[in-house]
Amino acid sequence: MGFSIATWNINSVRLRLPLVRSLLTDHAPDLLCLQETKCPNDAFPTADLKKLGYDHIAIHGQKGYHGVALISRLPLEDVQRRDYCEKGDTRHISAILPVAGRKIRVHNFYVPAGGDEPDPDVNPKFAHKLDFLQEMKALHSQAENAAGVSSILVGDLNIAPLETDVWSHKQLLKVVSHTPVETDGLKEVQAKGGWVDLMRQHIPEDEKIFTWWSYRARDWDASDRGRRLDHVWSSPDLSGSLSDVTVMREARGWERPSDHVPVFARFDF
DNA sequence: ATGGTGGTCCTACCA
């Protein structure tokens, strides 16, 4: 029995509904986790996605900004939407999926980008990002193990933690997403929660991985100044069943693309 | 060194 999951910052689900459709049709993950849907709940294209066989949809959206969604072929149980930092932002949703006789809670996150200035004293957006990370440290991958529930955490975490997660470690050390306070913070979230970085379990640390390329580059592909901002983590009990991780780089070259590409992970039980 | 592009939704804000 297998299970496949995809995570994708879509940067407007309504504008890019055709891309979401073709991803689901051509690659058919069991679960697609979207971030930055930028869509109020009453305007989410639920009916369109159900037509493709994704009967179980849980959304947490707001007008204009943020927004996360779970689009699933498998039932979604005990859906939770947590208000990190109590700002009313729609940045988290989770649910339990019955997978091959197991139970897996999937958390889908959109971590604040943090603005331009990496100083929490002068930039409230950066302070918010650090506060958000602090709150994430309380999330344990084995929190529901006693109830027989494993965990997966995916999403746009807006941090590239390793030197090989950016095109130039030295040039990005003072750039938000790769500053030491952020990369250390994310590693601490990972360590305290007992999370396994599945992308790095599958792809060696000396190999560069990017999931995001700025819209502002003249030629994103040629300059290749990317960052790994999107992540797939799991509780330790699932990591041995990981069979594949794929970063869909070609999606950045699609017409009217998101600046992030989908990341797929597959488990075989 | 600076500004480059793209999204939402009406004008500026966010990434």
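All values below come from the heavy atoms of this structure, side chains included, with hydrogens, waters and symmetry mates left out. The shown structure was predicted, so the numbers you read here are calculated from the model rather than taken from an experiment.
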- Message: Side chain of K125(A) only, heavy atoms from C-beta on: which candidate in dT8(B), dG6(B), dA15(B) is closest?
- Response: dA15(B)

- Message: So R256(A), base contact, sugar-phosphate only, or nothing? Heavy-atom distance under 4.0 Å.
- Response: sugar-phosphate

- Any salt bridge between D131(A) and K87(A), counting N to O under 4.0 Å? no

- Item | Nearest-Å distance once atom C1' is located in both dT11(B) and dG7(B) | 14 Å

- Task: Would you mind reading off the distance between I10(A) atom CD1 and dT8(B) atom P, rounded to a whole angstrom?
- Result: 11 Å

- Quickly work out the F44(A) CZ to dT8(B) P distance and round it to whole Å. 14 Å

- Query: More than 12 heavy atoms of other residues, nucleotides or ligands under 6.0 Å from NZ of K137(A): is that the case?
  - Reply: yes

- Could you give the NZ-to-C1' distance, from K63(A) to dT11(B), as a whole number of Å? 13 Å

- Query: In whole Å, what is the span from the CZ atom of R91(A) to the P atom of dC14(B)?
  - Reply: 11 Å

- Excluding sequence neighbours, so at least two apart, what forms side chain to side chain contact (heavy atoms under 4.5 Å, CB included) with R81(A)? A58(A), H60(A), V79(A), I93(A)

- Options dG7(B), dA15(B), dC9(B), nucleotide nearest the side-chain atoms of Y110(A): dA15(B)

- Query: Between K103(A) and E144(A), is there a salt bridge with N-O shorter than 4.0 Å?
  - Reply: no

- Using atom NZ of K38(A) as one end and atom C1' of dT8(B) as the other, report the distance to the nearest whole Å. 6 Å

- Query: Roughly, in whole Å, what's the span from CG in D221(A) to P in dT5(B)?
  - Reply: 18 Å

- Note: D221(A)-R249(A) ion pair, threshold 4.0 Å (strictly below): yes

- In a check of side chain to side chain contact (heavy atoms under 4.5 Å, CB included) between R227(A) and each of D165(A), N158(A), I159(A), V166(A), which one passes? V166(A)

- Query: Where does DNA chain B pair, written as one dot-bracket string 5' to 3', with Watson-Crick or G-U pairs under 3.5 Å, ( ) inside the strand, [ ] for crossing pairs and | for another strand?
  - Reply: ....((((...))))

- Task: Report the distance from atom NE2 of H66(A) to atom P of dC13(B), rounded to the nearest whole Å.
- Result: 15 Å

- Check whether any side-chain nitrogen or oxygen of R252(A) sits under 4.0 Å from OP1 or OP2 of dG6(B), and answer yes or no. no

- Among dA15(B), dC14(B), dC9(B), which is the nearest nucleotide to the side chain of R216(A)? dA15(B)

- Task: Would you mind telling me which residue lines up with the more 5' stretch of DNA chain B, N11(A) or D259(A), judged by nearest nucleotide?
- Result: N11(A)

- Message: For the C1' atoms, the ones on dC14(B) and on dC10(B), what distance do you get once it is rounded to whole angstrom?
- Response: 15 Å

- Quick one: N9(A) CG to dG7(B) C1', roughly how many Å, whole number? 11 Å

- Atom of L238(A), atom of I152(A) and distance for their closest heavy-atom approach: CD1-CG1, 3.7 Å

- Task: Give a yes/no on whether any side-chain N or O of R16(A) is located under 4.0 angstrom from OP1 or OP2 of dG7(B).
- Result: yes

- Using the C1' atom as the reference point in each nucleotide, state the distance between dC9(B) and dA15(B) in Å, no decimals. 16 Å

- Query: Are L31(A) and L74(A) side-chain neighbours, meaning at least one heavy-atom pair lies under 4.5 Å?
  - Reply: no

